[in-house]
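Below is one structure, written out as structure tokens; the observations come after it.
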Amino acid sequence: MIDIAANLAVIHERINAACKRVARDPDTVRLIAVSKVKPAELIEAAWQAGQQLFGESYVQEFRDKAPLVSSPVEWHYIGGLQSNKVKYLRSKVAMIHSVDRLSLAQEIDRQWTKEETPANILLQVNLGREASKSGCTEEQLEAFTRQVVQLPNLRIRGLMTLPPNFTDPEAVRPYFRRLRELAKQLDGLQLPNLAMRELSMGMSGDFEVAIEEGATLVRIGTAIFGERVRKSG
Ligand SMILES: *Cc1c(COP(=O)(O)O)cnc(C)c1O
């Protein structure tokens with residue numbers, strides 16, 4: 001049996017140690033437990049162990065599973081998103097991390113028209129220029145941001161990236177550093193409705209490096225819930 005409480009305790013220790021190395025307050029780093037492909041019971045077990053934020057990557061799975069979780073968890077949507085599925089996230093997620101194109105931003109804006117508060121979103125940047133990953137390019141980011149800030153029902157809270165997979169976490173460091181620089185540049189534009197407070201970066205294999213480079217949201221799955229059986233789509 002997987003001991004989720006023990007895994008969470010180890011991760012918190014590692015988060016604290018990474019924060020200490022760069023003199024950061026650990027309260028500035030929030031842990032998102034990535035529960036995709038994992039059953040509601042494991043989410044409840046993590047909640048019992050004190051975990052409050054959960055990340056999901058597949059809309060259909062999220063739709064089916066969220067009603068089975070009775071604890072008041074905070075859901076973050078972190079996966080690829082087709083515009084026609086945005087409606088299933090409305091009123092349910094605290095943040096969408098994967099906004100990478102104007103048509104998607106426009107659909108979220110449309111779906112949130114009737115909500116009392118705007119949608120909290122992150123812009124996803126494909127720093128490694130990988131065809132297999134979503135995200136706008138660095139070159140597109142400023143123009144994209146200028147368009148998104150005009151949508152009244154959205155609030156850009158920061159940036160997200162999914163860097164190339166390397167076995168050595170140090171190899172990913174420049175990508176994390178770059179995301180922080182880009183966020184700073186965008187903040188410098190002083191656009192309305194824009195405060196780059198969040199950097200969503202770092203997963204099981206590299207979250208400590210991400211924290212050293214400024215991550216405020218780390219998305220960790222395997223190190224909490226164990227390996228995932230692969231699923232396509
Ligand atoms: C699955 C996933 C994660 C978690 O990855 P682990 O290596 O299991 O920690 C983080 N971010 C995104 C966007 C994911 O899809």
Side-chain angles (χ1 to χ4, degrees), residues 2-4 6-15 18 29-39 42-43 45-46 49 51-63 65-66 73-82 85-86 89 93-101 104 120-136 157-173 175-176 179 198-211 213-233:
I2 183 146
D3 189 342
I4 289 178
N7 291 349
L8 282 168
V10 168
I11 288 165
H12 281 294
E13 271 172 34
R14 290 170 60 185
I15 290 174
V29 180
R30 291 189 293 159
L31 170 60
I32 298 177
V34 177
S35 47
K36 64 186 180 201
V37 194
K38 300 293 177 180
L42 290 190
I43 296 172
Q51 179 61 32
Q52 297 180 333
L53 278 53
F54 291 85
E56 289 285 336
S57 287
Y58 307 107
V59 176
Q60 183 65 48
E61 181 195 342
F62 173 67
R63 264 182 87 189
K65 193 163 65 178
V73 307
E74 179 177 311
W75 295 112
H76 287 243
Y77 191 79
I78 64 174
L81 185 53
Q82 291 171 286
K85 297 199 173 148
V86 170
L89 302 181
V93 300
M95 192 175 280
I96 299 175
H97 292 226
S98 44
V99 181
D100 63 351
R101 58 196 190 277
L104 175 59
N120 293 310
I121 63 164
L122 304 180
L123 304 183
Q124 181 172 354
V125 193
N126 187 354
L127 294 176
R129 301 170 193 284
E130 295 172 282
S132 61
K133 291 186 177 138
S134 22
C136 71
R157 301 299 184 190
L159 301 179
M160 181 272 221
T161 196
L162 199 56
N165 308 319
F166 294 107
T167 40
D168 174 13
E170 280 303 323
V172 194
R173 188 183 293 277
Y175 294 92
F176 294 147
L179 196 72
E198 307 285 359
L199 291 174
S200 171
M201 57 190 196
M203 318 201 300
S204 292
D206 55 21
F207 68 90
E208 286 140 311
V209 174
I211 289 169
E213 296 301 332
T216 63
L217 292 164
V218 289
R219 311 178 307 264
I220 301 181
T222 311
I224 298 172
F225 296 111
E227 290 293 333
R228 286 179 295 273
V229 178
R230 279 194 189 282
K231 161 170 172 170
S232 55

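In this chain, residues are counted from 1 in sequence order. Start at 1 and go down the list; that is how both ligands and their atoms are numbered. Predicted model only: the values in this text are computed from it and were never measured.
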Geometric class of the Phe54/Phe225 ring pair [parallel <30°, tilted 30-60°, perpendicular >60°]: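 Phe225 and Phe54: tilted rings.
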Between Thr216 and Glu198: side-chain donor-acceptor atoms closer than 3.5 Å: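 Side-chain D/A pair, Thr216 to Glu198: present.
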Listed partners of [X] passing side chain to side chain contact (heavy atoms under 4.5 Å, CB included), at least two apart:
| X | value |
| --- | --- |
| Ala18 | Arg21, Glu208, Ile211 |
| Val99 | Ile96, Ala105, Ile108, Ile121, Leu123, Phe144 |
| Asn165 | Lys133 |

Protein N/O near ligand 1 N/O, under 3.5 Å, which pairs?
residue	atom	partner	partner atom	Å
ligand 1	8 (O)	Thr222	N	2.8
ligand 1	8 (O)	Thr222	OG1	2.5
ligand 1	8 (O)	Arg228	NH1	2.8
ligand 1	8 (O)	Arg228	NH2	3.1
ligand 1	9 (O)	Ser204	N	3.0
ligand 1	9 (O)	Ser204	OG	2.5
ligand 1	9 (O)	Gly221	N	2.8
ligand 1	11 (N)	Arg219	NE	2.9
ligand 1	15 (O)	Lys36	NZ	2.6
ligand 1	15 (O)	Ser57	OG	3.3

Side chain to side chain contact (heavy atoms under 4.5 Å, CB included) between Leu89 and Phe62, worked out: CA-CA 9 Å; Leu89 302 181; Phe62 173 67; 3.7 Å; yes
